[in-house]
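Everything on this sheet refers to the single structure shown next.
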2 protein chains.
Amino acid sequence: MGDVFRALADPTRRALLDELQERDGQTLFELCTRLIQRHGVGSSRQAVSQHLEVLEQAGLVRTRREGRYKFHHLDTSPLRAIVERWRLDTEEGPCGSP
Amino acid sequence: MGDVFRALADPTRRALLDELQERDGQTLFELCTRLIQRHGVGSSRQAVSQHLEVLEQAGLVRTRREGRYKFHHLDTSPLRAIVERWRLDTEEGPCGSP
DNA sequence: TCGACAGGCAAGCAGGAACTTGCGTATCGT
DNA sequence: ACGATACGCAAGTTCCTGCTTGCCTGTCGA
């Protein structure tokens, strides 16, 4: 639980999640490249790799190996736990507004 | 935005939010006492005060002064921004399941 | 087979976060 | 008025985090 928030606390990691939401299943180098081009974040390969480790440990990213490539997939299920923790859905959610 | 996640990354601060959700409008000393009794967190007064400052800066807690007392109120609206950022409500939310 | 590519491991460093310590200020009760 | 209460401010300490640096492993193409 705390790992999820700690992972989301970093802007580079949030940019990684945004990038994966837009295009799922990217490799490390793809993410490095698109992070600079589309998000203006200029981090080294090792830095991004360590960020992805943190995201994976938090359960926000799942990986799949294939040969020498490692694809990263977004998993938003830990975020739903946040919604339920502070009951964000039962007060005046965007679904059933009477 | 980043301030919200950074504030939520700390377990003591999450306990403070839980405590405020259960009983809104508490003072600093009330929160210190109940943090030990109900959450098992033994932090000093200054530590809790600094945590509340972080939460207030993140917009998760709003304060109201009255004489020598300062009441703290929970505000979950920054958390709703999280829900909308990763579209947690439009995929298969707990409201309108077809 | 050999070089290039994709990624991993680990030590080290600079900056920040959390907590403590000590003192200061404003408010309330008596 | 005076002490007690509720809280604020600021420096110092310790620990964690993010990033770099350097080297290593595994995989693919020519």
Side-chain angles (χ1 to χ4, degrees), chain A residues 1-20 23-37 39-73, chain B residues 1-20 23-37 39-73:
Chain A
M1 185 76 189
D3 291 334
V4 179
F5 291 113
R6 206 163 42 79
L8 290 167
D10 190 88
T12 303
R13 285 195 285 264
R14 288 198 302 276
L16 280 169
L17 293 183
D18 286 338
E19 185 53 43
L20 282 179
R23 177 193 264 221
D24 202 50
Q26 295 190 55
T27 67
L28 175 60
F29 276 88
E30 276 180 298
L31 286 167
C32 280
T33 308
R34 293 172 63 102
L35 223 60
I36 300 173
Q37 293 173 349
H39 299 270
V41 180
S43 294
S44 72
R45 178 184 63 88
Q46 289 83 352
V48 176
S49 177
Q50 287 167 1
H51 280 307
L52 288 171
E53 264 187 67
V54 175
L55 288 171
E56 190 174 2
Q57 188 185 339
L60 289 163
V61 163
R62 306 209 174 271
T63 59
R64 168 176 55 96
R65 265 223 107 111
E66 216 163 286
R68 60 176 162 176
Y69 297 106
K70 187 178 182 183
F71 301 102
H72 300 80
H73 297 270
Chain B
M1 187 74 189
D3 291 333
V4 179
F5 290 113
R6 207 163 41 80
L8 291 167
D10 190 89
T12 303
R13 285 195 285 264
R14 287 199 302 275
L16 280 169
L17 293 183
D18 286 338
E19 186 52 45
L20 282 179
R23 178 191 264 222
D24 202 51
Q26 296 189 57
T27 68
L28 176 58
F29 275 89
E30 277 181 296
L31 286 167
C32 281
T33 308
R34 293 171 63 102
L35 223 59
I36 300 173
Q37 293 172 349
H39 298 270
V41 180
S43 293
S44 72
R45 178 183 64 87
Q46 288 84 352
V48 176
S49 177
Q50 287 168 0
H51 280 307
L52 287 170
E53 264 187 68
V54 175
L55 288 170
E56 191 174 2
Q57 189 186 338
L60 289 163
V61 163
R62 307 209 173 270
T63 58
R64 166 176 57 95
R65 266 223 108 113
E66 217 163 283
R68 60 174 161 176
Y69 297 107
K70 186 179 184 182
F71 301 101
H72 300 79
H73 298 270

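Chain letters run A, B, ... following the sequence lines, proteins first, then strands; residues in each count from 1. Note: hydrogens, waters and symmetry copies are ignored here, and every other heavy atom, side chains too, is used.
Between the CZ atom of B/Arg64 and the P atom of D/dA6 there is a distance of 16 Å, given to the nearest Å. In this structure, the CG atom of B/Leu55 is 13 Å from the C1' atom of C/dA18, given to the nearest Å. Following rounding to the nearest Å, B/Tyr69 (OH) and D/dT5 (P) show an atom-to-atom distance of 10 Å. Rounded to a whole Å, the CD atom of B/Glu53 is 13 Å from the P atom of C/dA17. Summarising the geometry, the separation between CG on B/Leu16 and C1' on C/dA18 is reported as 13 Å, rounded to the nearest angstrom. At whole-Å resolution of the value, CG in A/Leu8 and P in D/dT17 are 15 Å apart. Regarding B/Gln57, its CD atom lies at a distance of 14 Å from the C1' atom of C/dG16, rounded to whole Å. Rounded to whole Å, the distance from CZ on B/Phe29 to C1' on C/dC28 is 14 Å.
The listed nucleotides are C/dC19, D/dC19, D/dC9; the one nearest the side chain of A/His51 is D/dC19. Of all nucleotides listed (C/dG8, D/dC7, C/dT20), D/dC7 comes nearest to the side chain of B/Leu28. Of the candidates C/dG7, D/dT20, D/dC9, the closest approach to any side-chain atom of A/Thr27 belongs to C/dG7. Of the candidate nucleotides C/dG7, D/dG8, C/dC9, C/dC9 has the atom lying nearest to any side-chain atom of A/Gln46.
Side-chain atoms of A/Glu66 and base atoms of D/dT27 include no donor and acceptor less than 3.5 Å apart. One donor-acceptor pair, N or O on each side, does fall under 3.5 Å between the base of D/dG8 and the side chain of B/Arg45. At a cut-off of 3.5 angstrom, counting only N and O atoms as typed in the model, there is no donor on one side facing an acceptor on the other between the side-chain of B/Arg68 and the base of D/dG8.
Of the residues near DNA chain C, A/Arg65 and B/Thr12, the one whose nearest nucleotide (by heavy atom distance) lies more toward the 5' end is A/Arg65. With DNA chain D read from its 5' end, the first of the two nearest nucleotides for A/Val54 and B/Gln50 is the one closest to B/Gln50. Of the residues near DNA chain D, B/Lys70 and A/Asp10, the one whose nearest nucleotide (by heavy atom distance) lies more toward the 5' end is B/Lys70.
Inspection of the A/His73 and A/Arg62 side chains reveals no N or O donor paired with an N or O acceptor under 3.5 Å.
OP1 and OP2 of C/dG7 both lie 4.0 Å or more from every side-chain N or O belonging to A/Ser49. One finds a side-chain N or O of A/Arg13 lying less than 4.0 angstrom from the OP1 or OP2 phosphate oxygen of D/dG18.
Of the possible donor and acceptor atoms, none in the side chain of B/Arg34 sits under 3.5 Å from a partner among the backbone N and O of B/Leu20. Within the 3.5 Å criterion, the main-chain N or O of B/Leu8 finds a donor-acceptor partner in the side chain of B/Arg14.
Considering only heavy atoms from C-beta on, A/Val48 stays 4.5 Å or farther from A/Val41 through its side chain. Residues B/Thr27 and B/Phe71 are in side-chain contact: their nearest non-hydrogen atoms beyond the backbone lie under 4.5 Å apart.
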